[in-house]
Amino acid sequence: MPELPEVETVVRGLRAPLVGRTITGLWTDWPKALRPHTPDDFAALLTGQTVHAITRRAKYILCQLDDGLLAIHLKMTGRLYVSGAPESGDRWVHVRFTLDNGQYLHFSDARRFGRVYLAPTLDDFAPGLGPEPLEDDFTPAVLRDRLARRQRALKALLLDQAFLAGVGNIYADEALFRAGLHPRRAASTLTDDETHRLYDSIRAALRAGIDYEGASVNWYRKPDGTAGKSQEHFFVYGRDGQPCARCGQPIIKIRVAQRGTHYCPNCQPER
DNA sequence: ATATCTGCCTGCTCGC
DNA sequence: TGCGAGCAGGCAGATA
């Protein structure tokens, strides 16, 4: 599942083939993926525009155009890659961009959850995103203030993109393990020390994910088609029944906020 | 206002 | 081997 580290890896991999390129065409067999325009309107607005920069905000891939923003959200199973042929043999390509150098940008998405946006600004399709966890303006004090007076479980808050941008199910579990905090712990009950631990752990888990170029648990691949290695370094995600790397007790899986949640009952006690 | 629930989607795994 | 059930889950939109 592409989260901040996976999306960041995709962004870095797309810069070389895409920045400076002009988009000359658009094909889709899944109009619902395009927001908010119809395919014809979308293509008319997009073609002829040059990609000047590719950045990331939360889990959105942002392509800065001459006029406005082309944004892509990979959701669960989305993949992006550039190749020299329009037919890639990939049955799940539902949107394809033609580039001025004869190459093609393919958006493959088995589950069809992914979306492609064309809008003047990010706020037009993704308003109200929380802070970027790896930016300098995200500080322990910011996290403390946002946790205060919230009764929700830590796991639920970490998944909430309005609370903090970019964290998903994998890195939420990994961050809570690193912090030694139970996923169901009520946000407002954290001590200053625990808040600092959570802050450090969120950033450490995300930075590790980026360093290992994302987690190829199932669908995620880098734009060059190879797998990331982040999953080889998980402490808890997908490791239910296996021994905790720190204490040897079995990792267990529960449901928190309708999400599969993995943790060590010994290293992350309930209270 | 905050918190929780439902629907969107389909590949994949598991049990029979 | 075939088949149905259940699971995976980010996010928009609805509901409590």
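Note that these values count all heavy atoms, side chains included, but never hydrogens, waters or copies made by symmetry. A note on names: the letters A, B, ... follow the listed sequences, proteins ahead of strands, and every chain is numbered from 1.
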**Asked** Among B:dG11, C:dA8, B:dC8, which nucleotide sits nearest the side chain of A:Trp92?
**Response** B:dG11
**Sugar-phosphate only, base, or nothing, as touched by A:Tyr237 at under 4.0 Å among non-hydrogen atoms** = sugar-phosphate
**Item:** C:dG10 OP1/OP2 closer than 4.0 Å to side-chain N/O of A:Arg115
**Value:** no
**Prompt:** Is any NZ, NE, NH1 or NH2 atom of the basic residue among A:Glu6 and A:Arg56 found under 4.0 Å from an Asp or Glu carboxylate oxygen of the other?
**Reply:** no
**Message:** Can you tell me how far apart CG (A:Leu118) and CZ (A:Arg35) are? Round to the nearest 0.5 Å.
**Reply:** 13.5 Å
**Message:** Nearest to the A:Arg111 side chain among C:dA12, C:dG10, C:dA8, which nucleotide is it?
**Reply:** C:dA8
**Message:** By the 4.0 Å heavy-atom rule, please label A:Arg112 as base, sugar-phosphate, or nothing.
**Reply:** sugar-phosphate
**Asked** Could A:Glu132 and A:Arg57 be called an ion pair, given the rule that one side-chain N must be under 4.0 Å from one carboxylate O?
**Response** yes
**Asked** On DNA chain B, nearest-nucleotide positions of A:Arg150 versus A:Trp30: which is more 5'?
**Response** A:Arg150
**Message:** What I want to find out is whether A:Asp200 reaches A:Arg178 closely enough, with some N-O distance under 4.0 Å, to be called a salt bridge.
**Reply:** no
**Complete:** 5'-most contact on DNA chain B (nearest-nucleotide basis), A:Arg91 vs A:Gln258, goes to A:Gln258
**Message:** Suppose we call a contact any N or O donor and acceptor under 3.5 Å apart; does that hold for the side chain of A:Arg259 and the base of C:dA8?
**Reply:** no
**Message:** With clusters defined by side-chain heavy atoms of hydrophobic residues (ILVMFWY) lying less than 4.5 Å apart, directly or transitively, does A:Val167 cluster with A:Phe163?
**Reply:** yes
**Message:** B:dT10, OP1 or OP2 - any side-chain N/O from A:Trp219 closer than 4.0 Å?
**Reply:** no
**Any A:His73 side-chain N or O less than 4.0 Å from OP1/OP2 of C:dG10** = no
**Distance below 4.0 Å between A:Lys75 side-chain N/O and B:dG7 OP1 or OP2** = no
**Asked** What is the distance, rounded to the nearest whole Å, between atom CG of A:Asn218 and atom C1' of B:dT10?
**Response** 12 Å
**Message:** Mind checking if A:Phe163 touches a base, just sugar-phosphate, or nothing, with heavy atoms under 4.0 Å?
**Reply:** nothing
**Request:** For A:Arg35, report the nucleic acid contact type (base, sugar-phosphate, nothing); a contact means any heavy atom under 4.0 Å.
**Result:** nothing
